[in-house]
There are 2 protein chains.
Amino acid sequence: MTMTKKITINDVAQAAGVSVSTVSLVLSGKGRISSATGERVNQAIEHLGFVRNRQAASLRGGHSGVIGLIVSDLRAPFYAELTAGITARLESQGRMVFLIQSAGEADRLLPRLEMLISQGVDGVIIAGSLAHGTELRQAADRSGIPVVFACRASYLDEVDLIRPDNMQAAQILTEQLIQRGHQRIAWLGGQSASLTRAERVGGYCATLLKFGLPFHSEWVVECESSQKQAAEAVGILLRQNPTISAILCYNSVVAMGAWFGLLRAGKHGDESGIERYFEQQVALAAFADVPERALDDIPISWVITPAKEMGESLAERIMQRIENNACELRNHIMSPRLVTKN
Amino acid sequence: MTMTKKITINDVAQAAGVSVSTVSLVLSGKGRISSATGERVNQAIEHLGFVRNRQAASLRGGHSGVIGLIVSDLRAPFYAELTAGITARLESQGRMVFLIQSAGEADRLLPRLEMLISQGVDGVIIAGSLAHGTELRQAADRSGIPVVFACRASYLDEVDLIRPDNMQAAQILTEQLIQRGHQRIAWLGGQSASLTRAERVGGYCATLLKFGLPFHSEWVVECESSQKQAAEAVGILLRQNPTISAILCYNSVVAMGAWFGLLRAGKHGDESGIERYFEQQVALAAFADVPERALDDIPISWVITPAKEMGESLAERIMQRIENNACELRNHIMSPRLVTKN
DNA sequence: ATGAAAGCGCTAACAG
DNA sequence: CTGTTAGCGCTTTCAT
């Protein structure tokens, strides 16, 4: 360990032959500093290897330039993408993101938020569980720190929130199938407890009715997000309801599974008839969080939740709130993007 | 906005009828404080809703309790798991993790490290790209902040590093296949530029030789991590080398693809002969980063890189380094875990 | 067992 | 344009 003595703006000031306040002004680029002095100071900084202590800066100045981000589950591609969007936008503005995983434990959210606040963040973005949204917002308000929320479904009053339009996504997908001539459209995947799924199923159902098409509750099947289960489920579904001509898949894994299921069903069904039917006529459509390479391998059209754009919006929003905390809360809903093959 | 005036230990001290230093001692649990006063102070804290300003604490005391973590790609399950392990261990010790994504841009690593340091972290963990390892360590040394590295393959001198034993993992897998009677074992997946792959292939190759088994370079095939490509590759491989009886897969996606490829090959091959051969005799083994549900669906044995444990070790290591920065650097290699189906 | 006082490194008025 | 000065909120000797 070399353990060089810590270098402060005092050292820089001395080396550059100016006062500390001049150094400070150069650092923050605020004051009207002659380019000559500015140059001299920068050289001293460079030469001494000075790194500014932001804790002190923040303690004194009140702004840290850091945004706290609490994410429920970084492993989910949706949140990973969201985080990427947030980080990119914020870093381009010279800010830094202090990320913490909440591992979905909604009850430990408050202490984590307080941690963040006590670290001096300028604002907080909470993505995922909104379990105690209002409560959290109040806690933050108390310390004068703005909070913005993001989630995949549902909404809360009295908080600043950005979320995807799940219903519209389902409508787009369903309409697209209808326009391609499909009349008997089924739903596969997701757990009925999921709010995201509920919203999507809602959009699917509404669109069917809007076009005067049949909706059968047996055509909406739950299924875990595993290829195997999806493959099996699709086999059963089609055997029991052979007239179904299109399937809406809850996510990309289910879609992949459904695709293999169609292949397999084709293989094991009685020859030519069923096989040709499945392979050629059952269309697939799906929801995805990010552009997925896996989906390129199968004939399918899908919608993408604009996770990255959501992240960027969140970044913008929190910065607005920091600059003008008084501005009113809003609920911003983001449209999906349709991807079709040829 | 309620914008309550900021509450400091002065307010708490006043409310509790003690001095600020007493409050400080209670906060850090250090001094010998009578339980009566302690109680009184805690009540005041509770009552006023005081949250301690850690920036000030850190500025004065020199310790922030925060560890910076730079991760190359959080979307990769390996790093997500690693992060989870790190966070869990560190938080259980009352520390906090300041996570930042580096998006794999090795050149922006240094500024990010400096950012972290200027935020007052007590230590830094860098996971992923070790491109400029030594350089980064020196930069950190200069400010007296310990750094620990983690990666999936390769190593660097002069840094504290934890990594998985890829070679051993390959040995375990290969030996297991050999003990199950396989003699002609192929390799599928990964890009030849990957160091991780190189290490694994090395272990596979070494084990074959050790048991006096044949190694053919045509049996080692590259393949993108997509099910489709893997399925096709496995078909070609087996058609050209029908005697192969087992395949080592670079990761779980390749394994899934290989599995479907075996099924398909069985279907399209000339009846009974090839089909039974493929379905019953070609064994699959794979490398995985985390316990993958997808692998439960196919007959396979696999090894898991102990990502979570690696995270925990990293956490331990950085804490040791913080407490005793002088302790010598080490290279810690972690063993994989084998998972077999009965 | 508790209090008084001296800063940590920096920014923000205010002077010049 | 640049220097002086007074703290930001907290920890930490050193007294008591």
Practice task
Would you indicate whether A/Gln14, at its atom CD, is surrounded by more than 12 heavy atoms from other residues, nucleotides or ligands within a distance under 6.0 Å?
Solution key: no
Practice task
Spell out, as yes or no, whether a donor-acceptor pair under 3.5 Å connects the side chain of B/Thr305 to the backbone of B/Ala307.
Solution key: no
Completion exercise
Atom CZ of B/Arg40 and atom P of C/dA1 are separated, to the nearest Å, by 15 Å
Practice task
Using side chain to side chain donor-acceptor pair (under 3.5 Å) as the criterion, list what pairs up with B/Arg54, not counting sequence neighbours.
Solution key: none
Exercise for the section: Tell me what B/Ser24 touches on the nucleic acid: a base, only sugar-phosphate, or nothing, going by heavy atoms under 4.0 Å. Expected result: base
Practice task
For D/dT2, take OP1 and OP2 only and decide whether either is under 4.0 Å from a side-chain N or O of A/Thr22.
Solution key: no
Exercise for the section: Check the distance between D/dG9's C1' and B/Ile7's CD1 and give it to me in whole angstrom. Expected result: 13 Å
Completion exercise
Sorted by chain and number, sequence neighbours left out, side chain to side chain donor-acceptor pair (under 3.5 Å) with A/Arg60 holds for none
Exercise for the section: Check every atom of C/dA1, C/dG3, D/dT11 against the side chain of B/Thr37 and return the nucleotide holding the closest atom. Expected result: C/dA1
Problem - OP1 or OP2 of C/dG9 under 4.0 Å from side-chain N/O of A/Thr8 - result: no
Exercise for the section: Return the value, rounded to whole Å, for the distance between atom CG of A/Asn10 and atom P of C/dG7. Expected result: 13 Å
Write down the protein N/O and nucleotide N/O pairs, taken from nucleotides 13-16 of chain D, whose separation is under 3.5 Å; answer none if there are no such pairs.
none

Exercise for the section: May I ask you to say what B/Val23 touches in the nucleic acid, namely base, sugar-phosphate or nothing, with a heavy-atom cut-off under 4.0 Å? Expected result: nothing
Exercise for the section: State, without any angle test, whether B/Ser19 and B/Thr22 hold a side-chain donor-acceptor pair at a distance under 3.5 Å. Expected result: yes
Practice task
Identify, residue by residue, the members of residues 41-63 of chain B with a heavy atom below 4.0 Å from DNA chain C, and return them in order of residue number, or none.
Solution key: B/Leu59, B/Arg60
Practice task
Please list, chain by chain and in numerical order, all residues satisfying side chain to side chain donor-acceptor pair (under 3.5 Å) with A/Arg52, sequence neighbours excluded.
Solution key: none
Problem - Polar side chain donor-acceptor pair, B/Gln43 to B/Arg40, under 3.5 angstrom - result: no
Handout entry: Distance, rounded to the nearest Å, where B/Gln14 contributes CD and C/dG3 contributes C1'
Key = 15 Å
Exercise for the section: State whether B/Arg152 and B/Asp289 are salt-bridged, where the test is any N-O pair (Lys NZ or Arg NE/NH1/NH2 against Asp/Glu carboxylate O) under 4.0 Å. Expected result: yes
Completion exercise
Testing C/dG3, C/dT11, D/dG9 for proximity to the side chain of A/Ile9, the answer is C/dT11
Problem - Residue list, side-chain contact (heavy atoms from CB on, under 4.5 Å) with A/Leu48, at least two apart or on another chain - result: A/Ile7, A/Asp11, A/Val12, A/Ala15
Exercise for the section: Could you work out which one of C/dT2, C/dT11, D/dT11 sits closest to the side chain of A/Val20? Expected result: C/dT11
